[in-house]
2 protein chains.
Amino acid sequence: MSHPSYTCRMATDRDTVLEAAVGVLSRRPTAHLDEIARAAGISRATLHRLFPGREALIREVGLLGLQRFAAALDTAVVEDGDAEAALRRLVDAAVPDAALCAFLAGENQLYDDDHVNALWDVQIDRLHALFLRGQQQGVFRIELSAAWLSEAFFDLIAGVGWAIQDGRLAPRDAAFSITELFLGGALRRHAAPNPPQSTARSARTTETDTP
Amino acid sequence: MSHPSYTCRMATDRDTVLEAAVGVLSRRPTAHLDEIARAAGISRATLHRLFPGREALIREVGLLGLQRFAAALDTAVVEDGDAEAALRRLVDAAVPDAALCAFLAGENQLYDDDHVNALWDVQIDRLHALFLRGQQQGVFRIELSAAWLSEAFFDLIAGVGWAIQDGRLAPRDAAFSITELFLGGALRRHAAPNPPQSTARSARTTETDTP
DNA sequence: CTCGGATGAGACATGAATGTCTCAAAGTGG
DNA sequence: CCACTTTGAGACATTCATGTCTCATCCGAG
């Protein structure tokens with residue numbers, strides 16, 4: 001406590017451990033502390049030194065996830081400009097932390113913590129506002145409520161997080177898959193015989209992986 | 001054991017208990033057996049008489065979910081006719097059991113059971129085949145892999161299950177929300193200045209609920 | 001080299017959930 | 001009305017994850 005340099009190094013350690021914890025907890029919420037410690041490459045004793053107990057660890061994982069998602073909303077500047085472009089930016093910013101989001105989606109009602117819940121509500125409200133704005137701009141459909149769009153969007157992010165962890169989806173395909181499906185849907189557009197459809201804004205790989 | 005009528009009544013009891021268990025477990029996978037028993041309206045002793053233990057109970061809940069989803073695939077006859085129509089039928093058939101699907105999505109990697117995994121693979125393969133067929137029919141987009149479409153579809157079903165349980169989505173809106181978003185996407189089609197957009201296939205309430 | 005702090009390994013106690021048991025009460029069919 | 005079964009309530013032991021502790025080791029700083 002006397003040497004501030006130590007506390008600085010501790011911070012990075014904590015985040016490293018939390019990231020490792022997510023990898024285990026997002027798949028198996030009931031994982032023992034032994035597994036989490038092993039996944040983080042530390043001993044159970046050190047894990048207990050970093051976090052008072054299991055409850056605190058879970059709480060901080062959730063907090064980290066919410067902070068990351070909030071940061072994604074920030075970097076995507078979702079409150080500015082065209083809603084569609086904002087959403088595309090958000091996907092790109094959020095996909096790297098999809099595992100965190102998967103954890104949040106699985107445990108979001110497990111929290112009794114006010115701080116976590118408040119932070120959660122803020123982010124969901126920002127998402128909600130984005131879709132509402134998009135609807136007002138005439139960008140998003142109005143038959144689907146903004147609340148449902150928020151819900152579904154987060155479900156897809158979380159689903160991608162799980163799929164990546166289980167090896168069912170390549171990380172490089174994640175952002176494209178979410179964006180295209182969420183914005184355009186699964187249905188193919190056959191407006192005209194010639195296909196001037198969505199003008200492939202980036203030459204993404206269109207391979208169909210067969211697991 | 002001498003009276004077959006008793007065993008018959010047991011079967012219905014088991015399913016009743018399992019349904020109650022889903023309501024608790026899909027939200028809180030770590031719920032105690034006490035809560036599950038209370039939710040089912042029986043005592044913990046009877047719960048133990050119906051299921052040898054917690055593991056067996058979880059297993060049977062998963063099995064029930066898979067059977068229900070398989071039944072939905074059956075009633076929707078997903079292997080026949082137009083893929084889009086088949087998918088719409090599937091949504092209608094699967095939404096009532098969305099809670100089961102939510103449980104499956106949350107615990108699908110928690111199973112070491114071969115029977116469960118085999119059943120799971122079969123259903124996923126049927127989904128995959130549906131999307132593959134739709135792509136060959138020119139109905140579904142080919143930029144998105146059939147595997148991803150299967151994944152995302154199940155994610156949305158599960159998400160709806162959670163949202164309904166938490167009261168964030170009205171059950172009557174569930175099928176419409178999934179179908180429209182998954183097939184059509186969130187983006188509004190502005191083919192012409194005049195808006196002859198999707199001719200509101202049913203006068204659903206388009207209110208934007210504010211939680 | 002020596003010291004201070006951090007870490008890992010392990011022992012230990014604790015508490016909670018689970019599994020098993022008995023017994024009294026209630027319901028059902030004869 | 002009686003016999004049988006099922007159920008609920010509770011006590012009880014057991015298992016296991018958690019939380020706390022000590023001690024030996026390692027590493028960097030001075």
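A quick note: this is a predicted structure, and the numbers were derived from the prediction, not measured. Each chain gets a letter, A, B and so on, in the order the sequences are listed, and its residues count up from 1.
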Colleague: What is the distance, rounded to the nearest whole Å, between atom CD of B:Glu55 and atom P of D:dT15?
Modeller: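 It is 16 Å, rounded to the nearest whole Å.
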Colleague: Taking atom P of D:dA17 as reference, at what distance in whole Å does atom NE2 of A:His48 sit?
Modeller: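 So the NE2-P distance, A:His48 to D:dA17, works out to 13 Å.
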Colleague: With ring centroids as reference points, do B:Phe131 and B:Phe182 lie under 6.0 angstrom apart?
Modeller: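 Close enough - the centres of the two rings lie under 6.0 Å apart.
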Colleague: Are any non-hydrogen side-chain atoms of B:Phe153 and B:Ser150 less than 4.5 angstrom apart?
Modeller: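 No. Closest side-chain heavy atoms not under 4.5 Å.
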Colleague: With a cut-off of 6.0 Å (strictly less than), are more than 12 heavy atoms of other residues, nucleotides or ligands near CD of B:Glu55?
Modeller: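 12 or below, so no.
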Colleague: Look up atom CG in B:Leu130 and atom NE2 in B:His128, then write down how far apart they are to the nearest 0.5 Å.
Modeller: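 Going from the CG atom of B:Leu130 to the NE2 atom of B:His128 covers 10.5 Å.
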Colleague: Starting at atom CG of B:Leu47, determine the distance to atom P of D:dG8, rounded to an integer number of angstrom.
Modeller: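 Spelled out: CG on B:Leu47 to P on D:dG8 is 10 Å.
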Colleague: For DNA chain D, find the residues of residues 33-46 of chain B with a heavy-atom distance under 4.0 Å and give them by number; none if there aren't any.
Modeller: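 When residues 33-46 of chain B is checked for heavy atoms under 4.0 Å from DNA chain D, the hits, listed by number, are B:Gly41, B:Ile42, B:Ser43, B:Arg44, B:Ala45, B:Thr46.
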Colleague: If I take atom CG in residue B:Asp13 and atom C1' in nucleotide D:dT6, what distance separates them, rounded to the nearest angstrom?
Modeller: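 Going from B:Asp13 (CG) to D:dT6 (C1'), I get 10 Å.
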Colleague: Should B:Arg68 and B:Glu19 be marked as a salt bridge (charged side-chain N to carboxylate O under 4.0 Å, His left out) after you check the CA-CA gap, both sets of side-chain angles, and the distance that decides it?
Modeller: CA-CA 11 Å; B:Arg68 292 288 182 84; B:Glu19 301 240 24; 2.5 Å; yes
Colleague: Mind calculating the distance between CZ (A:Phe51) and P (D:dG19) to the nearest angstrom?
Modeller: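 Interatomic distance, CZ of A:Phe51 to P of D:dG19: 13 Å.
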Colleague: Figure out the CZ/P separation between B:Arg54 and C:dT20, and round it to whole Å.
Modeller: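 For the pair B:Arg54 CZ and C:dT20 P, the rounded distance is 15 Å.
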Colleague: Rounded to whole angstrom units, what separation is found between the NE2 atom of B:His32 and the P atom of C:dA16?
Modeller: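 These atoms are roughly 9 Å apart.
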Colleague: Taking CZ from A:Arg28 and C1' from D:dA17, how many angstroms apart are they, rounded to a whole number?
Modeller: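 It works out to 14 Å between those atoms.
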Colleague: What residues, two or more places apart in sequence or in another chain, satisfy salt bridge (Lys or Arg N to Asp or Glu O under 4.0 Å) together with A:Glu79?
Modeller: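 Residues passing salt bridge (Lys or Arg N to Asp or Glu O under 4.0 Å) with A:Glu79: A:Arg126.
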